[in-house]
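Numbers here simply count residues along the sequence, with the first being 1. Quick caveat, the model's predicted, so the values are computed rather than measured.
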Amino acid sequence: KSLRILLAESHMINRYVFELVFFHRGHVTIKAANGADAMQILKTQKIDFAVIDFQLPELDGLEVVRLWRAQESEKSYLPIMMMTTDARSNVVEACKDYADFVEVKPVSPYKIIENIDAYARNPTLPKRHAEPAGARKDSDFGLVDLGFFSELKSMSSPTELSRLFA
């Protein structure tokens, strides 16, 4: 099933990588580089799943999710995954209070897809069943798993990449 995914992430390269992964899984990505834009998108567009970074300019990711949860109804419930570079337990717990999935960066795009697929297979998953992943042991290279780029090269033609990133 194709989903409309809000990706609220301030880091441009992460947005491109995640968008490409979502595209190859058949999903549509609606991007926001800051929390204010993310909130506007949530209010005005139909979104099936949201991936929101904790640290966003203008309005931080946790505040976006808090504001959204405060006005949403059970009927319009939006599954949300939050990502954070801050692995302190109070930050992870704060995210878990509002999000369905919580991941500590660096996070592999495949882990995000795993969470999205879990929701897509079973949209009636219990609300806010988040489990923090903890720091990724397979990657200490920054915000994305760099091993992913070699696989990305074999997945995409230059035409696809130029169309996605134009």
Side-chain angles (χ1 to χ4, degrees), residues 3-39 41-42 47-66 68-69 78-121 125 128-156 160-162 164-165:
L3 301 174
R4 291 179 51 83
I5 301 171
L6 168 62
L7 175 61
E9 165 65 67
S10 59
H11 194 273
M12 183 180 69
I13 292 173
N14 285 351
R15 282 196 313 270
Y16 288 149
V17 169
F18 295 140
E19 179 182 26
L20 189 60
V21 171
F22 298 161
F23 172 80
H24 279 282
R25 298 294 291 197
H27 303 305
V28 175
T29 307
I30 296 87
K31 297 176 288 193
N34 63 64
D37 289 348
M39 197 68 219
I41 290 167
L42 287 170
I47 302 296
D48 300 310
F49 194 97
V51 177
I52 300 176
D53 190 25
F54 180 79
Q55 292 182 304
L56 291 173
E58 295 187 38
L59 186 64
D60 73 65
L62 186 58
E63 190 61 20
V64 169
V65 177
R66 281 184 187 147
W68 181 254
R69 291 290 191 226
L78 175 66
I80 297 174
M81 185 183 112
M82 290 197 72
M83 300 181 294
T84 179
T85 56
D86 191 339
R88 291 177 298 174
S89 62
N90 63 323
V91 172
V92 172
E93 288 301 316
C95 291
K96 286 174 66 176
D97 286 342
Y98 296 95
D100 300 283
F101 305 92
V102 178
E103 294 294 338
V104 177
K105 290 180 176 179
V107 58
S108 164
Y110 295 114
K111 184 62 181 173
I112 295 174
I113 286 296
E114 183 180 306
N115 291 332
I116 292 168
D117 287 350
Y119 166 74
R121 282 190 308 274
L125 284 172
R128 292 191 254 313
H129 66 284
E131 294 179 18
R136 309 294 321 163
K137 292 180 183 147
D138 57 350
S139 173
D140 290 327
F141 299 111
L143 299 178
V144 268
D145 178 1
L146 294 181
F148 172 75
F149 285 105
S150 63
E151 195 169 330
L152 181 66
K153 192 168 89 175
S154 68
M155 291 170 44
S156 303
E160 284 181 284
L161 288 172
S162 65
L164 274 177
F165 303 133

Ala32 backbone acceptor or donor facing Arg15 side chain under 3.5 Å: no
Ile52 vs Val65, test: side chain to side chain contact (heavy atoms under 4.5 Å, CB included). Steps then yes/no. CA-CA 8 Å; Ile52 300 176; Val65 177; 3.8 Å; yes
task = Indicate whether any N or O donor in one side chain lies under 3.5 Å from an N or O acceptor in the other, for Thr85 and Gln55.
result = yes
CD of Glu58 to CD of Glu63, rounded to nearest 0.5 Å, is 14.0 Å
Please answer whether the main-chain N or O of Ile80 pairs with a side-chain N or O of Asp100 as donor and acceptor at a distance below 3.5 Å. yes
More than 12 heavy atoms from other groups under 6.0 Å of CZ on Arg25
no
Distance col, row Met81:CE vs Asn115:CG, nearest 0.5 angstrom, shows 5.5 Å
query: According to the interplanar angle, ranging from 0 to 90°, do the rings of Phe22 and His27 count as parallel (below 30°), tilted (30 to 60°) or perpendicular (above 60°)?
result: perpendicular
Treating Asn34 as the side-chain partner and Leu56 as the backbone partner, does any N or O pair qualify as donor plus acceptor under 3.5 Å?
no
One should read off an interatomic distance between Cys95 SG and Glu103 CD, to the nearest 0.5 angstrom, of 11.0 Å
Practice item. Start with the C-alpha distance between Asn14 and Met83, add both sets of side-chain angles, then the distance that settles side chain to side chain contact (heavy atoms under 4.5 Å, CB included), and finish with yes or no. Key: CA-CA 12 Å; Asn14 285 351; Met83 300 181 294; over 6 Å; no
| CA sep, side-chain torsions, deciding dist, call: Phe18, Thr29, side chain to side chain contact (heavy atoms under 4.5 Å, CB included) | CA-CA 9 Å; Phe18 295 140; Thr29 307; over 6 Å; no
When Thr84, Asp86, Asp53 are each screened for side-chain hydrogen bond (donor to acceptor under 3.5 Å, both in side chains) with Lys105, the one that passes is Asp53
Residues Ala87 and Val104: closest non-hydrogen pair is CB-CG1, 3.8 Å
Any side-chain heavy-atom pair of Leu42 and Val64 under 4.5 Å:
yes
Problem - Side chains of Tyr98 and Leu62 in contact at under 4.5 Å (non-hydrogen atoms) - result: yes
Residues Ala99 and Met82: closest non-hydrogen pair is CB-CG, 3.6 Å
When rounded to the nearest 0.5 Å, the distance separating CD of Glu114 from CD1 of Ile116 is 11.0 Å
dist Tyr119:OH -> Leu78:CG (nearest 0.5 Å) comes out at 8.0 Å
Evaluate the salt bridge (Lys or Arg N to Asp or Glu O under 4.0 Å) criterion for residues Arg69 and Asp97: first the C-alpha distance (whole Å), next the side-chain angles of each, then the deciding distance (0.1 Å), finally the verdict. CA-CA 10 Å; Arg69 291 290 191 226; Asp97 286 342; over 6 Å; no
Distance col, row Phe49:CZ vs Leu6:CG, nearest 0.5 angstrom, shows 10.5 Å
